[in-house]
Amino acid sequence: MNEFILQKQLQDYVNSGLYPFHMPGHKRRMSPAPGLPYAWDVTEVSGSDDLHHAEGILREAMERTAALFGAARTWYLVGGSTCGNLAAIRAAAPAGSEVIAARNCHKSVYHAIELGGLRVHWIEPPLDPVFGVYGSVPVREVERLLREHPGVRAVILTSPTYEGVLSDIRSIAALCHDREHPAALVVDEAHGAHLGLFTQETDGFFPVGAVACGADLVIQSAHKTLPSLTQTALLHLQGKLLSPEEVERQLEVFETSSPSYPLLASLDGCTGILRERGAELFRAWKEKLLHFDRQTALIPGWRVLCHGRDSVGNHPDFYAYDPGKILFRREWDGKVGQDGKNRQDAQESEEILRTRYRIELEMRCGENLLAMTSCCDDEAALDTLARALQEMGENTAFQEPELRDDDSQRNGECRSPEPQDDGSQSCDVCEAACSRGEDASCASRLPVQGMAWMTIAQALARPRRFLPEQQAEGKIAAEYVWAYPPGVPVLAPGEEVTADYLRYAAACRSAGTRLYHSARGAQGELCVVQSADAEKDCLGRETV
């Protein structure tokens, strides 16, 4: 069965012999660079279709994809998940309205908040004390904020996170919808396009995705974990809370009016591959990852998040985890290795993996290293990664971590650390990390959020100035600061610059992690709102 329908229709059009006295300028006669599929680069002419008013081959292609993912409607995106986040949030939350959002969302979510002048009630997910990554969004926090702010129009979450942590979307969706005035649940699932596909064929190895869990709008980057070209993404609509007409209107605002047919063909081709061979590919993907787990279960010198002997049960604030992500870091007891050398840091480990083992990782941030997998991976490549970790860990002074072998909490309710007498939170894992001298405020995590004194839009509209970073503590930020990847702002306009942020920025520099500043000041400077310190007293302590 030929599932690559859009590609066949494009080729039929190319073979029709019609001469293009229209865009694009290469006229399907001159390739801009060798290897580009320029012959398929057609525009909206008779015989093709218009992405923003799809009535022919594109509508049929998107309907095929919607059926595969179980969505009521699906739109192809050629501007990545960024375009989808902007359109989805604007469709769900009109200008000036209130929303609830997770603090660890991608910067495109912040840009949507900025453009819409939205008032935000932030949720900061709990921090995993071992890896320094954010856990799941607590359901009870969503419930509390929905109760305290009945005017909220949308709840915006990222699940899975860049590192693979999922939230309890089903329970959060139920809370959003079980109100007198329901709030739309918008889930940035950019890193989870594979979730929910072929769950029966893989015995639930991969968690269920946000579409099946009842989210209203779900944005996925097909190119991140599925066989599709970079920049391709999907926007899924579910339920009747939001109208497809409003979603389409916002896509017209935020997406190009000249979509690339090679990218659109890639999305339909990805759908075709999954319809034809998806079950087979996903079963093989599962077996490769299980084999990697067996190989890494006893490797010294490394801890691999939720792989090997680690599991979701060891991370109290994880609701579930995507096994397609491999996040790992060195595990040290403070001694030198058997060869007498000092410990090898993440930057050196990354370079050894690249030069000696020919492995290019997705990310290094602080002490964490991330390898992304997909259903297209070669088993030999995963074997090489496991062998590299084994060989690199053999000569390290290693303190065996105490791990649970069961995975009973994979789909359980998140558990939070116990509150202490002083109001702080503590857990056995955190205390163990502190006893090893690990810094919980390392560059692998976001700093604690400062007070939001004004909306993002208000902060960016005010007069601003640049200050040396160390003089900016207590000031109001007038720019975004983020590490890329993953593109999550560590400081947002309107927030107070805290001492914790300054420690985080210093830790990033020490670890070789670059921070990007939207205001593009001189090195070591931070852009802040130009106002007297006393002005904050006039602004009021309203969470925005």
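Remember, it's a predicted structure, so these values are computed and weren't measured experimentally.
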Checklist entry - Do Trp302 and Gln390 have side-chain N/O donor and acceptor atoms under 3.5 Å apart? => result no
Next on the checklist: For a quick check under 3.5 Å, do Glu124 and Tyr134 share a side-chain donor-acceptor pair by atom type?
Outcome noted: yes
Item to check | Heavy-atom pair of closest approach, residues Ile169 and Ala215 | outcome: CG2-CB, 4.3 Å
Next on the checklist: Within the 4.5 Å heavy-atom criterion, are Thr65 and Leu267 side-chain neighbours or not?
Outcome noted: no
Checklist entry - Side chains of His236 and Thr74: donor-acceptor distance under 3.5 Å anywhere? => result yes
Next on the checklist: Minimum heavy-atom separation for Phe131 and Val304, please, with both atom names.
Outcome noted: CZ-C, 4.0 Å
Item to check | Whether Phe292 and His307 hold their rings parallel, tilted or perpendicular, with breakpoints at 30° and 60° | outcome: perpendicular
Checklist entry - Within 45° of the six-membered ring axis of Tyr162 and under 6.0 Å from that ring's centre, is NZ or CZ of Lys325 located there? => result yes
Item to check | Test side chain to side chain contact (heavy atoms under 4.5 Å, CB included) applied to Tyr319 and Val137, step by step | outcome: CA-CA 9 Å; Tyr319 172 74; Val137 172; over 6 Å; no
Item to check | Closest non-hydrogen atom pair, Ala102 against Trp122 | outcome: O-CZ3, 3.7 Å
Item to check | Flag side-chain contact, heavy atom, 4.5 Å: His121 against Val152 | outcome: yes
Next on the checklist: Less than 4.0 angstrom from a charged side-chain N to a carboxylate O is my criterion; do Arg144 and Glu141 meet it?
Outcome noted: yes
Item to check | Under 3.5 Å side-chain donor-acceptor pair for His177 and Asp216 | outcome: yes
Item to check | Min side-chain heavy-atom separation Trp482-Val488 under 4.5 Å | outcome: no
Next on the checklist: Rounded at 0.5 Å granularity, tell me how far CD1 in Ile326 sits from CD in Glu362.
Outcome noted: 12.5 Å
Item to check | Min side-chain heavy-atom separation Thr161-Asn104 under 4.5 Å | outcome: yes
Checklist entry - Which atom names give the shortest non-hydrogen contact between Arg309 and Asn314, and what distance separates them? => result O-ND2, 4.0 Å
Checklist outcome for this item: Pro262 and Leu229 have their tightest heavy-atom pair at O-CD1, 4.2 Å
Checklist entry - Rounded to the nearest 0.5 Å, how far does CG of Asp268 lie from OH of Tyr76? => result 4.0 Å
Next on the checklist: Nearest 0.5 Å, please: how far is CD in Glu201 from CZ in Arg283?
Outcome noted: 6.5 Å
Checklist entry - Between Gln250 and Glu246, is any side-chain donor less than 3.5 angstrom from a side-chain acceptor? => result yes
Checklist entry - Taking it one step at a time, do Arg90 and Phe254 satisfy side chain to side chain contact (heavy atoms under 4.5 Å, CB included)? => result CA-CA 10 Å; Arg90 188 56 181 262; Phe254 291 106; 4.0 Å; yes
Item to check | Audit row: Asp310, Arg303, salt bridge (charged side-chain N to carboxylate O under 4.0 Å, His left out) steps and yes/no | outcome: CA-CA 8 Å; Asp310 193 21; Arg303 174 169 279 185; 5.5 Å; no
Item to check | From CA spacing to verdict: salt bridge (charged side-chain N to carboxylate O under 4.0 Å, His left out), Asp383, Arg387 | outcome: CA-CA 6 Å; Asp383 289 344; Arg387 176 170 58 85; over 6 Å; no
Next on the checklist: Between Phe318 and Val133, is there a side-chain heavy-atom distance shorter than 4.5 Å?
Outcome noted: yes
Next on the checklist: With rounding to the nearest 0.5 angstrom, report the OG1 to NE2 distance, Thr296 to His291.
Outcome noted: 10.0 Å
Next on the checklist: Does Phe206 form a ring-ring contact (aromatic ring centres under 6.0 Å, His included) with Trp285? I'd like the steps, not just the answer.
Outcome noted: CA-CA 10 Å; Phe206 295 100; Trp285 188 8; 4.5 Å; yes
Item to check | Atom pair CD1 (Ile57) and CE (Met62), whose distance is rounded to the nearest 0.5 Å | outcome: 10.5 Å
Checklist entry - Take atom CD in Glu148; do more than 12 heavy atoms of anything else shown fall under 6.0 Å from it? => result yes
Checklist entry - Which heavy atom of Ile299 sits nearest a heavy atom of Ala386, and at what distance? => result CD1-O, 3.5 Å
Checklist entry - Is any side-chain heavy atom of His106 less than 4.5 Å from a side-chain heavy atom of Ser81? => result no
Item to check | Asp178 atom CG, neighbour heavy-atom count above 12 within 6.0 Å | outcome: no
Next on the checklist: Return the CG to OG distance between Leu166 and Ser136, rounded to the nearest 0.5 Å.
Outcome noted: 7.0 Å
Checklist entry - Does a side-chain heavy-atom distance below 4.5 Å link Val99 with Ile89? => result no
